[in-house]
Amino acid sequence: MPELPEVEVVRSGLDRWVSGRTISTVQVRLDRSVRHHSAGPKDFSDRLSGRTITSVQRRGKFLWMVLDDEHALLAHLGMSGQLLMQPRQEPDEKHLHVRISFDDDAPELRFVDQRTFGGLRVEDLVTEPWLGRWVPTSVGHIAPDPFEPGFDSSLVARALRKKATGIKRALLDQGLISGIGNIYADEALWLARRHYARPTGAFTGPQVRELIAHAQDVMSAALAQGGTSFDSLYVDVNGSSGYFDRSLNVYGQEGLPCQRCGRAIVREPFMNRSSFRCPGCQRTPPNAHW
DNA sequence: AAGAACTCCTGGATGC
DNA sequence: TGCATCCAGGAGTTCT
């Protein structure tokens with residue numbers, strides 16, 4: 001499941017493969033994959049034909065290709081989305097939903113997505129309120145991620161402490177800080193020895209900043225691993241595969257001993273999914289906000 | 001209006 | 001063995 005590090009691997013790969021190239025035709029094979037493009041699949045294709053991609057950018061888990069007409073092709077990978085560079089003669093993947101062809105002989109760009117939570121859309125660019133950065137319309141409410149120049153953890157801490165909710169809900173709130181998903185939230189909380197239901201209001205500013213620093217650390221480590229294996233035609237999303245086994249301390253580790261205290265990691269229902277924590281070093285706080 | 005719940009989806013894993 | 005159920009979860013939508 002792509003979170004910030006996995007999306008960044010895709011972004012950097014795409015930047016190398018598609019920047020400067022001109023789109024010839026776009027084939028939408030599954031309308032659902034462009035469902036957020038309000039004007040429909042035909043308009044989606046029409047707006048891309050003839051456009052040249054100037055750069056590939058990212059905020060949190062959103063990535064977009066800036067076009068030469070001041071619009072952007074925005075992509076979100078959802079749970080299982082992949083953006084692949086494939087030679088034209090390569091057989092279609094089972095879940096190939098959108099094919100973007102270029103006016104040259106180099107590989108085409110394919111959007112492949114088994115669970116179809118991801119999608120593509122063409123949007124205007126707008127100025128967002130935190131850094132004044134030029135982003136696609138629907139990214140306008142997504143807060144800066146910890147790797148952006150100008151990211152201000154003090155600002156995040158102030159906003160977060162004002163929320164009436166639990167700390168993990170806040171970490172997952174892309175309007176507060178973006179890029180963090182279920183995996184890295186659990187890992188950052190373990191590193192900071194915090195329970196996921198600790199109320200945001202119980203945190204001091206420095207405690208929030210420490211937690212954010214841990215999130216940065218774990219995502220940097222993941223990015224370092226995902227980045228190493230990427231040097232082929234294949235712009236992949238499973239940067240998680242190598243990372244999963246080696247470095248995760250709590251996520252998916254139910255029943256295994258905590259690397260700090262030896263207590264068995266527990267899995268608990270949370271927001272219709274799961275939270276993993278060590279019952280020894282991440283104690284349930286008073287006034288827990290589930 | 002903020003915060004929480006619900007919803008979308010597929011296929012591998014699990015249970016009987 | 002085969003069928004049914006569970007489970008993964010990002011973010012837009014709907015609810016309270």
Side-chain angles (χ1 to χ4, degrees), chain A residues 1-8 10-11 29-38 58-64 74-83 93-98 111-121 123 128 135-145 158-189 196-202 215 219 222 237-241 243-245 248 250-255 265-276 287-290:
Chain A
M1 35 230 93
E3 297 183 30
L4 185 155
E6 293 77 24
V7 179
E8 174 55 23
V10 175
R11 187 210 64 77
R29 303 169 90 236
L30 180 70
D31 287 356
R32 177 173 160 77
S33 289
V34 297
R35 66 194 178 285
H36 294 299
H37 186 87
S38 44
R58 183 189 57 75
R59 164 166 283 185
K61 306 165 197 167
F62 287 85
L63 74 81
W64 62 93
L74 175 65
H76 196 289
L77 303 175
M79 289 292 298
S80 55
Q82 295 177 300
L83 285 164
E93 290 77 6
K94 180 176 179 188
H95 300 289
L96 171 60
H97 302 321
V98 181
F111 179 69
V112 177
D113 188 11
Q114 180 200 108
R115 291 188 224 176
T116 74
F117 277 24
L120 307 177
R121 62 192 106 164
E123 292 192 342
E128 53 83 0
V135 301
T137 309
S138 55
V139 181
H141 69 284
I142 302 296
D145 69 55
R158 269 204 295 284
L160 183 146
R161 292 171 63 207
K162 282 190 225 162
K163 295 277 183 183
T165 190
I167 188 63
K168 185 172 173 183
R169 288 177 184 274
L171 286 179
L172 297 175
D173 182 349
Q174 307 295 300
L176 271 178
I177 178 174
S178 66
I180 302 174
N182 203 35
I183 298 170
Y184 297 114
D186 279 3
E187 292 298 314
L189 287 165
Y196 58 85
R198 188 174 196 238
T200 50
M219 288 194 289
V237 185
N238 50 33
S240 42
S241 55
Y243 181 65
F244 264 40
D245 302 348
L248 294 180
V250 279
Y251 183 84
Q253 309 298 303
E254 183 180 17
I265 302 298
V266 296
R267 177 172 66 143
E268 295 164 335
F270 177 79
M271 290 175 75
N272 255 347
R273 53 208 57 160
S274 295
S275 268
F276 296 86
N287 308 314
H289 194 128
W290 313 94

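In what follows, every chain begins at residue 1, and chains take the letters A, B, ... in the order their sequences are listed. What you see below is based on every heavy atom in this structure, not just the backbone, and it leaves out hydrogens, waters and symmetry mates. For clarity, every value in this text was computed on a predicted model and none was experimentally measured.
Remark: side-chain polar atoms of A:His97 are paired, donor with acceptor, to backbone N or O of A:Asp113 under 3.5 angstrom. The backbone N or O of A:Phe276 lies less than 3.5 Å from no partner atom in the side chain of A:Glu268, so there is not a single donor-acceptor pair. A donor-acceptor pair under 3.5 Å is absent between the side-chain atoms of A:Arg273 and the main chain of A:Ser275, judged by distance alone. Checked by atom type and distance alone, the side chain of A:Glu3 pairs as donor or acceptor with a backbone atom of A:Ile183 at under 3.5 Å. Between the side chain of A:Arg59 and the backbone N or O of A:Val139 there is no donor-acceptor pair closer than 3.5 Å. Of the possible donor and acceptor atoms, none in the side chain of A:Ser178 sits under 3.5 Å from a partner among the backbone N and O of A:Ile142. A:Glu8 contributes no side-chain N or O that, together with a main-chain N or O of A:Lys61, makes up a donor-acceptor pair within less than 3.5 Å. Between the side chain of A:Thr165 and the main chain of A:Ala170, no donor-acceptor pair closer than 3.5 Å is present.
Among the protein residues, A:Arg35 comes within range of no part of the nucleic acid, since none of its heavy atoms lies under 4.0 Å from any strand. Among the protein residues, A:Phe62 comes within range of the sugar-phosphate backbone only, with heavy atoms under 4.0 Å from sugar or phosphate atoms but none that close to a base. A:Asp113 comes within 4.0 angstrom of no nucleic acid atom, judged by non-hydrogen atoms across all strands.
End-to-end axis angle of the helix from B:dA2-C:dT16 to B:dC16-C:dG2, using five pairs per end and rounding to 10°, comes to 60°.
Contact of the A:Pro2 side chain with the A:Val10 side chain is not registered, since no non-hydrogen atoms from C-beta on lie closer than 4.5 Å. Between A:Pro136 and A:Phe62 the shortest side-chain heavy-atom distance does not fall below 4.5 Å. Using a 4.5 Å heavy-atom threshold, the side chains of A:Glu187 and A:Val250 count as touching.
With rounding to whole Å, A:Lys61 atom NZ is found 13 Å from C:dG12 atom C1'. A:Leu74 places its CG atom 11 Å from the P atom of C:dA11, with the value rounded to the nearest Å. Straight-line distance from the CD1 atom of A:Ile177 to the P atom of C:dG10: 15 Å, rounded to whole Å. Between A:Phe276 atom CZ and C:dC7 atom C1' the separation is 11 Å, expressed in whole Å. Rounded to whole Å, the distance from CG on A:Asp173 to C1' on C:dG12 is 13 Å. Whole-Å rounding puts the A:Arg267 CZ to C:dC7 P distance at 7 Å. Rounded to whole Å, atom P of C:dT14 lies 18 Å from atom CE of A:Met271. Following rounding to the nearest Å, A:Gln174 (CD) and C:dT13 (P) show an atom-to-atom distance of 16 Å.
Of the two residues near DNA chain C, A:Met79 and A:Ser138, the one whose nearest nucleotide lies more 5' is A:Met79.
Nearest to the side-chain atoms of A:Arg121 among the listed nucleotides B:dG11, C:dA11, C:dG12 stands C:dG12. For A:His36, the listed nucleotide lying nearest its side chain is C:dG12; candidates were C:dA8, B:dC8, C:dG12. Considering only the side chain of A:His76, C:dG10 comes nearest among C:dC7, C:dG10, B:dT10. For A:Asn182, the side-chain atoms get nearest to C:dG10 when compared with the rest of B:dC9, C:dG10, B:dG11. Ranking C:dA11, C:dG10, B:dC9 by closeness to the A:Leu172 side chain, first place goes to C:dG10.
Checking the phosphate oxygens (OP1, OP2) of B:dG11, a side-chain nitrogen or oxygen of A:Lys94 falls inside 4.0 Å. Phosphate proximity of B:dA4 to A:His289: present, with a side-chain N or O under 4.0 Å from OP1 or OP2. OP1 or OP2 of C:dA8 lies within a sub-4.0 Å distance of a side-chain N or O belonging to A:Ser274.
The side-chain ring of A:Phe117 is stacked on the base of C:dG10, judged by centre separation under 5.5 angstrom and plane angle under 30 degrees.
Heavy-atom distances under 4.0 Å link DNA chain C to no residue of residues 161-169 of chain A.
A:Arg273 contributes a side-chain N or O that forms a donor-acceptor pair with the base of C:dG10 under 3.5 Å.
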